[in-house]
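Any value given below was found using the heavy atoms of this structure, including those in side chains, with hydrogens, waters and symmetry copies removed.
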Amino acid sequence: MKKIVIALSVMALLTSCVSKKKYTELEARNKETQDLLNTATVKLNTCLEEKAGLAATAATLKEQNQGLISVSKDMTVLSTKGAQNIEKALESIKEKDLKISRMQDALTKKDSVTLALVTSLKSSVGISDPDIEINVEKGVVFISIADKLLFKSGSYEVTDRAKMVLAKVAKVVNDKPDFECMVEGHTDNVPYNGTGVLLDNWDLSVKRSTSIIRVLTNQLGVKPEQLIAAGRSSYIPLVANDSAENRSRNRRTRIVVLPKIDQFYEMIEKEMKKQRP
């Protein structure tokens, strides 16, 4: 019995020693495992935090991406509209350039006609006489003839010398059947004191105009439909009526030559109306 007790005691001791050693190993391994677990837990938490941050960033980026897609679509629409507007603007510019070109052509033709007319008149009438002037005012050609070449003072009877000048004018008019001529009578500001049918300078200026027209039509072969009679009395003086010399300058007959270039003016007017808003 005593031997059995001793044997059991020895066995228990051996068993106790082995268990403690294993326990120590297990404890060491358990600590190592715990450390690894702790490390893994820390890393997991870090990953979870990073994941949450990335998820938030992804959501933001997704939202931004949707916004960019929307903006891109809007920009595409705007770009399309912009391109269309630019195209329309270019077409409008082209149309205006064409209109301007047409108006410039019309004005050039008008200027060419005017220049040719002035050259023809100066060649036919001559420019050496200081009492005869050929000029252009506002695109209109006119011949201004001092009344001392045409009439006696206070009279509306055309002198023989005047017929020589008017014959040259008639030649130019007859060569240009598309022209019209307005014969304007002008007086000074001295009131008309004659007797008969004339009452004042208005009557005198108009009567001088019709007298010249009768010479042009009855004696020089100008077509009546090309002529216009007009009287301006004393109301459009060249200079102040403050001296005998100035009053003499103001007493004149002006023959306004009007080429029939209505088509040019009509073209310009039509194009200008088109450009109005």
Side-chain angles (χ1 to χ4, degrees), residues 103 105-127 129 131-147 149-151 155-187 196-236 238 251-270:
M103 286 188 285
D105 289 343
L107 292 173
T108 299
K109 289 178 182 177
K110 185 183 86 66
D111 291 341
S112 297
V113 171
T114 301
L115 178 60
L117 177 59
V118 170
T119 302
S120 177
L121 284 171
K122 287 187 176 181
S123 175
S124 299
V125 178
I127 58 174
D129 195 327
D131 294 320
I132 301 175
E133 294 182 358
I134 300 175
N135 290 310
V136 178
E137 286 185 3
K138 297 179 180 180
V140 177
V141 179
F142 70 89
I143 307 168
S144 183
I145 307 172
D147 269 10
L149 294 181
L150 301 174
F151 309 100
S155 171
Y156 53 84
E157 292 185 8
V158 180
T159 65
D160 292 335
R161 183 184 179 189
K163 294 176 183 178
M164 296 174 58
V165 176
L166 294 176
K168 296 178 181 180
V169 175
K171 182 179 182 302
V172 175
V173 176
N174 288 333
D175 289 340
K176 307 290 184 182
D178 291 335
F179 287 5
E180 292 180 341
C181 290
M182 181 166 62
V183 181
E184 291 182 349
H186 295 259
T187 69
V197 296
L198 302 184
L199 300 179
D200 51 25
N201 283 335
W202 278 111
D203 283 349
L204 179 59
S205 64
V206 174
K207 190 62 177 176
R208 285 179 169 177
S209 171
T210 55
S211 294
I212 290 174
I213 284 178
R214 288 191 180 93
V215 172
L216 291 172
T217 55
N218 298 337
Q219 301 180 29
L220 301 174
V222 177
K223 295 178 182 179
E225 57 268 27
Q226 288 184 257
L227 300 176
I228 304 168
R232 308 303 295 269
S233 187
S234 61
Y235 296 103
I236 307 180
L238 294 175
R251 294 191 301 270
R252 68 201 188 278
T253 295
R254 193 169 79 158
I255 300 175
V256 184
V257 184
L258 306 169
K260 289 186 178 180
I261 51 176
D262 294 343
Q263 64 271 29
F264 301 142
Y265 288 110
E266 287 175 3
M267 182 189 300
I268 293 172
E269 186 177 5
K270 182 184 293 185

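- The side chain to side chain contact (heavy atoms under 4.5 Å, CB included) test applied to Gln219 returns Lys163, Val215, not counting sequence neighbours.
- Contact between Glu157 and Phe151 at its shortest, heavy atoms only, is O-CD2, 3.3 Å.
- With sequence neighbours left out, Lys223 forms a side chain to side chain contact (heavy atoms under 4.5 Å, CB included) with Glu225, Gln226.
- Residues satisfying the side chain to side chain donor-acceptor pair (under 3.5 Å) criterion with Thr253, sequence neighbours excluded, are Asp147.
- Taken from OG in Ser211 to CG in Leu150, the straight-line distance is 10.5 Å, to the nearest 0.5 Å.
- Note: Thr217 OG1 to Ile212 CD1 = 11.5 Å, rounded to the nearest 0.5 Å.
- Contacts of Asp203 classified as side chain to side chain contact (heavy atoms under 4.5 Å, CB included), with partners at least two apart in sequence or in another chain: Leu198, Leu199, Asp200.
- Remark: Ala170 engages Asn174, Leu216, Leu220, Val222 in a side chain to side chain contact (heavy atoms under 4.5 Å, CB included) (not counting sequence neighbours).
- When all heavy atoms of Leu204 and Ser155 are compared, the pair lying nearest together is CD1-O, 4.2 Å.
- Minimum heavy-atom separation, Val169 to Ile255: CG1-CD1, 4.1 Å.
- A donor-acceptor pair is defined here as one N or O able to donate and one able to accept, closer than 3.5 Å; no such pair exists between the side chain of Ser209 and the backbone of Ala229.
- Scanning both residues, Gly185 and Ser205, for their nearest heavy atoms gives O-CB, 3.3 Å.
- Residues meeting the salt bridge (charged side-chain N to carboxylate O under 4.0 Å, His left out) test with Arg252, sequence neighbours left out: none.
- Residues meeting the salt bridge (charged side-chain N to carboxylate O under 4.0 Å, His left out) test with Arg232, sequence neighbours left out: Glu184.
- To the nearest 0.5 Å, the span separating CG on Leu227 from OG1 on Thr210 amounts to 11.5 Å.
- We find the NE2-CD1 distance between His186 and Ile236 to be 5.5 Å, quoted to the nearest 0.5 Å.
- Every pair passing ring-ring contact (aromatic ring centres under 6.0 Å, His included) that includes a residue from residues 197-235 is listed here, sequence neighbours excluded: Trp202-Tyr235.
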